[in-house]
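We count ligands from 1, going down the list as the structure has it; atoms in each ligand are counted the same way. This chain uses plain numbering: 1 for the first residue, then up along the sequence.
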Amino acid sequence: MIKSLLIANRGEIACRVIRTARRLGIRTIAVYSDADAKALHVRSADEAVHIGPSAARESYLVGEKIIAAAKATGAEAIHPGYGFLSENAEFAQAVMDAGIVWVGPKPASITAMGLKDAAKKLMLEAGVPCTPGYLGDDQDPANLAAEAAKIGYPVLIKAVAGGGGKGMRLVEKPEDFADALASCQREASASFGNAHVLIEKYILSPRHIEVQVFGDSHGNVVHLFERDCSLQRRHQKVIEEAPAPGMDAATREAVCMAAVRAAKAVDYEGAGTIEFIADGSEGLRADRIWFMEMNTRLQVEHPVTEEITGVDLVEWQLRVASGEPIPCKQDELSINGWAMEARLYAEDPAKGFLPSIGRLELFELGEVEGGRIDTGVYEGAEVSPFYDPMIAKLITHGSSRDEARLRLSDMLEDSAVWPVRTNAAFLINALAHPEFASGKVDTGLIGRDGEAMATDPEPSDEMLLEAAMGLVPYAMASGFRLNAPSRNVGTFLLDGQPIEIALEGEAADEPEESILIAENGKVWQLQPWRVAGSGHHGAHDGDILSPMPGKIIAVDVTEGQSVTKGQKLLTLEAMKMEHTLTAPFDGVVAELKAVSGTQVQVDALLARIEAVEE
Ligand code: ADP
């Protein structure tokens, strides 16, 4: 067994690999960029080597720097994780040429599966069913259009060098083919430096089924059953599970054995995934599942396979890379229960899934029975704009699909991340969607119903009231008064937006300046409007600022007038309510800007009270 390991990656996967390596007594070496100097993977490893600037192409993607770091620290092996250099055959070769163990398949296996057209040709030879389509070299647009017509619309144009959902175009009708082809080729050249495309029949009601395979250097290949990753947003996986809903034993045997043949065809060593697409319109059937591509690395969603099989795939990777055979035989592997994984992203679904960056002031993930968290961040860490915004994977195991699903939902509901936004509420909605809940998911579900899933939830009245009562005394101390005590309605700012809350019950003994409300996977900040609106804090600040946009309807004092603490100064009408602003302490009206009948903006200076010298 190897004794030391450099992890050529960052984030949750680097932490995940370190965890197993440490358990096996292997010394771990992290690499990091400028932005990651304080990252969790750096803290978790025994040693860490700085490899350059924040941009990945100047650090994590520079093979020479990584190999130099391995040499400098005496690392015996390199684990690439996923993404970055993990499927780069040249890098794999360079690692081996440097006398370092490569934790992954042979470079030739990576190359054989690297281009989608070559891979499909190889798979057809190996007797693996492939999606009907055109794989030829004749890239003349007229020829490609003719081939598309032969296949029958709708068709999918795929860049042969594409990946990560890029370089694909769905074409519904012949008139659109030429434009779609041109745009696909442009994107393919720009992103992958290769404009070559293939054409495939577009599968309706498509389901994404993939099989985890494992090979060793002794010629053994086993599979660890399938995963279903059909819940996708723009061809990116959102929630993954194992096994696949509705997969019967015979279909499973057929697809898993096809995956083993695929891996054997490329002499595969280590962890790999064969991705299939299934026509799910009439349930899963062996004759309607076709090879799509092979990922020659550990997959993001590998934990669901670990949860149902009890195998630590990273341990297997490290053993196999050390020359050991796969620790068990095919017939010793079985499926136990159900597992589900949700990818938690630092992004804002309500704002078109824009990445959300910044410091994780609050970072709490729910804990449930059968729950597992794979993360690469911690409370107080920074989410930088440089890398993939996935901050954690929440994984659950249960005895049934519904148990795993509901546990995952509970886990998300108990999670609270702030002020960085996450897709937790979106994930909760997706898990509760009737089609997903019943296992009838296809890759188009989010495309059809995603807008409703992305709608921001509102905090419940109970949570708002509880938070408001915690703020009341503080708000009072800052010059805030309930406008009409009989109505007992207070105005607050919820994430900066004015909101009225009917107050009842006891105010908190120890009031706070602002309170975070965490519910349904979302976090809101509630503040008393006076404090939030003033931009200054504390009762000794005599600036009376408009807490919100509104109209001055009464001014009760004149400049130079002496006032006592709590004395009414002026009345503002906003949100159809009257708000009274009072003197925060004894003093004189040193400045009076408010004019009755005029409109004022939020934060406008209305008056200034100067304290009287004692
Ligand atoms: P990438 O390498 O960019 O991930 P894939 O070939 O793996 O591209 O396809 C990504 C996703 O696109 C699949 O998971 C599936 O949702 C969809 N897809 C791919 N091929 C087809 C097809 N022939 N018909 C329908 N959907 C497809």
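Annotation: atom 7 (O) of ligand 1 to nearest protein heavy atom, Glu293 OE2, 2.8 Å. The shortest contact between atom 10 (C) of ligand 1 and any protein heavy atom is with Met168 CE, 3.8 Å. For atom 15 (C) of ligand 1, the nearest non-hydrogen atom of the protein is Gln232 OE1, 3.9 Å. With respect to atom 24 (N) of ligand 1, the closest heavy atom belonging to the protein is Ile203 N, 2.9 Å. Scanning the protein for heavy atoms near atom 3 (O) of ligand 1, the closest one is Gly165 N, 2.5 Å.
Salt bridge Arg372/Glu306: present, at least one basic N to carboxylate O contact under 4.0 Å.
If you look at Lys158 next to ligand 1, the close heavy atoms, those under 4.0 Å, all belong to the side chain. In Ile277, the part holding a heavy atom less than 4.0 Å from any atom of ligand 1 is the side chain.
In this structure Asp36 satisfies the side chain to side chain donor-acceptor pair (under 3.5 Å) test together with Arg10, Tyr60, sequence neighbours excluded.
Between the CD atom of Glu275 and the SG atom of Cys229 there is a distance of 7.0 Å, given to the nearest 0.5 Å.
Atoms of ligand 1 lying under 4.0 Å from at least one heavy atom of Glu275, given by number and element, are 7 (O). Interface atoms of ligand 1 facing Leu156, defined by a heavy-atom separation under 4.0 Å, are 18 (N), 19 (C), 20 (N), 21 (C), 22 (C), 23 (N), 27 (C). Which parts of ligand 1 touch Thr443 is read off a 4.0 Å heavy-atom cut-off, strictly below it: atoms 16 (O).
The ring-ring contact (aromatic ring centres under 6.0 Å, His included) contacts involving residues 260-298 comprise nothing, where partners must be two or more places apart or lie in separate chains.
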Test side chain to side chain donor-acceptor pair (under 3.5 Å) on Arg405 and Ser409; report intermediate values, then the result. CA-CA 6 Å; Arg405 182 177 69 85; Ser409 185; over 6 Å; no

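In this structure, the ring of Phe353 has its center no less than 6.0 angstrom from the ring center of Tyr345.
Ligand 1 does not have Lys237 within reach: every non-hydrogen atom of the residue lies 4.0 Å or more from it.
The shortest N or O to N or O distance between Thr131 and ligand 1 is not below 3.5 Å.
Because its NZ or CZ atom is not both nearer than 6.0 Å to the ring centre of Phe436 and within 45° of the ring axis, Arg448 does not count as a cation-pi partner of that residue.
Using a 4.5 Å cut-off on side-chain heavy atoms (C-beta onward), Ile13 and Phe84 make no contact. The closest side-chain heavy-atom distance from Val128 to Ile274 is not below 4.5 Å.
Checking Met292, His235, Lys116 against atom 8 (O) of ligand 1, the nearest heavy atom belongs to Lys116.
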